[in-house]
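I have placed the structure first, in the form of structure tokens, so that the comments after it can refer back to it.
By convention in this document, chain letters (A, B, ...) are assigned in the order of the sequence lines, proteins followed by strands, and residues within each chain are numbered from 1. Here the structure is a predicted model, which is why all the values come from computation and not from measurement.
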2 protein chains.
Amino acid sequence: MDTALDRAVRVFRERGYHATSIGDLTAAMRLATGSIYKAFRDKHAVFLAAFERYTARRQEQTRSAAARGTNGRDRVRNLLLSYVAQSQGTEGRRGCLVVGSAVELSAVDSVVAARVGAQLKTNEDFIAGLIREGQADGSIPGHVAADDTARLMICITQGLRVVGKARLPLDGTRLVGVAMKLLA
Amino acid sequence: MDTALDRAVRVFRERGYHATSIGDLTAAMRLATGSIYKAFRDKHAVFLAAFERYTARRQEQTRSAAARGTNGRDRVRNLLLSYVAQSQGTEGRRGCLVVGSAVELSAVDSVVAARVGAQLKTNEDFIAGLIREGQADGSIPGHVAADDTARLMICITQGLRVVGKARLPLDGTRLVGVAMKLLA
DNA sequence: TTTATTAGGAAACAATCATTCCCTAATAAC
DNA sequence: GTTATTAGGGAATGATTGTTTCCTAATAAA
């Protein structure tokens, strides 16, 4: 069932919520219509489960990318580099369920809106924490405004997903090189 | 007809493409079904016309915001401030048609994908031009990489629309204050 | 072995979708 | 004044949507 949900994640990422029909889901999840409705109340419940699975996995990836750094500054850099990599090529074209949900659903679906907002807040807090770590270990100047900088970096990461979905090429080294000025 | 198209823009911004039915369009545009299909070949054509109208108007607003600056640096600052303002509150919740199209359609609709890409490129070139102006008038250091910085700023502006649609509050002065470090 | 219980699949369902068709007024041409 | 031509409106149409129902096969319980 978890592998079926992974396949649902993929379809929702590529097509979004409304453009994904139950037929698309049966084909992708390799489950018949009745089986899907036996496992989930309706299409919306499938989406919510897929969303949760996606964010859990992404959070894992993001944190392990950050963990590869040796100090606060390096951890932020690695996090940003990981986001650029995720926003590019095949993976980038596949899209991000969080930005997809924010754009397509958060205006009309308060349940999804709440989860999107919570996810963004979690990521923002994580980045702010990394910045404070950097200030503690001396790799980031103390005058950097951690919260404001974290919020701007969230905008950068979400914007990367939009631009990546639009197929614009993204040079990780150069882009992140520029972005690191925010920690000066 | 132009005022009807403005109303179509509003609906598409709020609901996106797939979630907007012809019924929604007739209600919003105050035109009967037959009238819409007499003016446009199909729903897709209505969307394309709305997209074009939206980008034209937005481009106007962005350029006039930038024009209020007295040098390159100030023009970039005003452009960013204008983007934050557009991404906030009622207007922000309404959403951006470029971001919406990139996320919802560019993977499956090559016509829309091309227009989205062109629009992003136009905006990026405009910002890069402002940076070069600033370097010429001395308000921006010559060592700033104009193209890379412009691309990152595009990510910021698109990300602002995503975050604004998710209802996170955006403090323009503080956010842009941090972002201006990219021109240091 | 027999009986329950369950997972899964396919057809049937009503509702909604985009689209087409035809009708009515109103304006333009002659 | 009469006739074309056009803009606009609304009902009808076929396809597709999400959902429900029923059936089958397999496993677990007795």
Side-chain angles (χ1 to χ4, degrees), chain A residues 1-54 95 97 100-101 103-113 115, chain B residues 1-54 95 97 100-101 103-113 115:
Chain A
M1 174 55 68
D2 275 352
T3 101
L5 210 49
D6 280 329
R7 294 196 260 251
V9 167
R10 181 165 164 171
V11 175
F12 279 130
R13 285 177 62 192
E14 285 171 349
R15 309 242 253 260
Y17 180 76
H18 286 106
T20 300
S21 71
I22 300 290
D24 294 331
L25 284 176
T26 62
M29 300 172 83
R30 300 183 204 163
L31 251 46
T33 324
S35 305
I36 291 183
Y37 277 88
K38 194 145 307 194
F40 303 94
R41 190 158 43 82
D42 53 15
K43 179 183 168 185
H44 192 258
V46 181
F47 182 80
L48 247 43
F51 182 91
E52 214 135 325
R53 192 164 172 79
Y54 173 79
L97 254 195
S101 304
V103 170
E104 195 187 354
L105 294 175
S106 73
V108 288
D109 185 330
S110 60
V111 176
V112 170
R115 308 225 179 174
Chain B
M1 174 55 67
D2 275 352
T3 101
L5 210 49
D6 280 330
R7 294 196 260 251
V9 167
R10 181 165 164 172
V11 174
F12 279 130
R13 285 177 60 191
E14 285 171 350
R15 308 243 253 261
Y17 180 76
H18 286 106
T20 300
S21 70
I22 299 290
D24 294 331
L25 285 176
T26 62
M29 300 172 83
R30 300 185 206 161
L31 251 47
T33 323
S35 306
I36 290 183
Y37 276 87
K38 195 145 305 192
F40 303 94
R41 190 159 40 85
D42 54 14
K43 181 183 166 185
H44 192 258
V46 181
F47 182 80
L48 248 42
F51 183 90
E52 214 135 326
R53 192 164 172 80
Y54 173 79
L97 254 194
S101 304
V103 171
E104 196 187 353
L105 295 175
S106 73
V108 286
D109 185 330
S110 60
V111 177
V112 169
R115 308 225 180 173

**Prompt:** Does a side chain donor of either Thr3(A) or Asp6(A) reach within less than 3.5 Å of an acceptor in the other side chain?
**Reply:** no
Subject >> Stepwise side chain to side chain contact (heavy atoms under 4.5 Å, CB included) check, His44(B) with Val112(B) >> reply: CA-CA 10 Å; His44(B) 192 258; Val112(B) 169; 4.0 Å; yes
Grab the two heavy atoms, one from [X] and one from [Y], that are nearest each other, plus how far apart they are.
X: Phe40(A); Y: Ala49(A); answer: CE2-CB, 3.8 Å
X: Ala113(A); Y: Ser106(A); answer: CB-O, 3.5 Å
X: Val103(A); Y: Gly100(B); answer: CG1-CA, 3.5 Å
X: Val9(A); Y: Ala50(A); answer: CG2-O, 3.4 Å

Look up atom [atom1] in [X] and atom [atom2] in [Y], then write down how far apart they are to the nearest 0.5 Å.
X: Lys43(A); Y: Leu48(A); atom1: NZ; atom2: CG; answer: 13.0 Å
X: Met29(A); Y: Ile36(A); atom1: CE; atom2: CD1; answer: 5.0 Å
X: Ser101(B); Y: Phe47(B); atom1: OG; atom2: CZ; answer: 3.5 Å
X: Arg13(A); Y: Thr20(A); atom1: CZ; atom2: OG1; answer: 12.5 Å

Restricting to nitrogen or oxygen on both sides, can you table the protein-nucleotides 11-14 of chain D pairs closer than 3.5 Å?
none

The nucleotide from dT19(C), dG9(D), dG9(C) with an atom nearest the side chain of Tyr37(B) is dT19(C)
Protein-nucleotide distance ([X], atom [atom1]; [N], atom [atom2]), rounded to Å:
X: Phe40(A); N: dA7(C); atom1: CZ; atom2: P; result: 13 Å
X: Met29(B); N: dG8(D); atom1: CE; atom2: P; result: 11 Å
X: Asp42(A); N: dT17(D); atom1: CG; atom2: P; result: 17 Å
X: Arg30(A); N: dA10(C); atom1: CZ; atom2: C1'; result: 19 Å
X: Lys38(B); N: dC22(C); atom1: NZ; atom2: P; result: 12 Å
X: Leu31(A); N: dG8(C); atom1: CG; atom2: C1'; result: 8 Å

(message) If you compare every side-chain N and O of Ser35(A) against the phosphate oxygens of dG9(C) (OP1, OP2), does one of them come in below 4.0 Å?
(response) yes
*Can you find a donor-acceptor pair, distance only, under 3.5 Å between Lys43(A) side chain and dG18(D) base?*
no
Here the residues of residues 14-28 of chain B within 4.0 Å heavy-atom distance, strictly under, of DNA chain D are none
What residues 104-112 of chain B contributes to the DNA chain D interface at heavy-atom separation below 4.0 Å is none
* To do: Determine, stepwise, if the pair His18(A) / Leu105(A) fulfils side chain to side chain contact (heavy atoms under 4.5 Å, CB included).
  => CA-CA 9 Å; His18(A) 286 106; Leu105(A) 294 175; 3.8 Å; yes
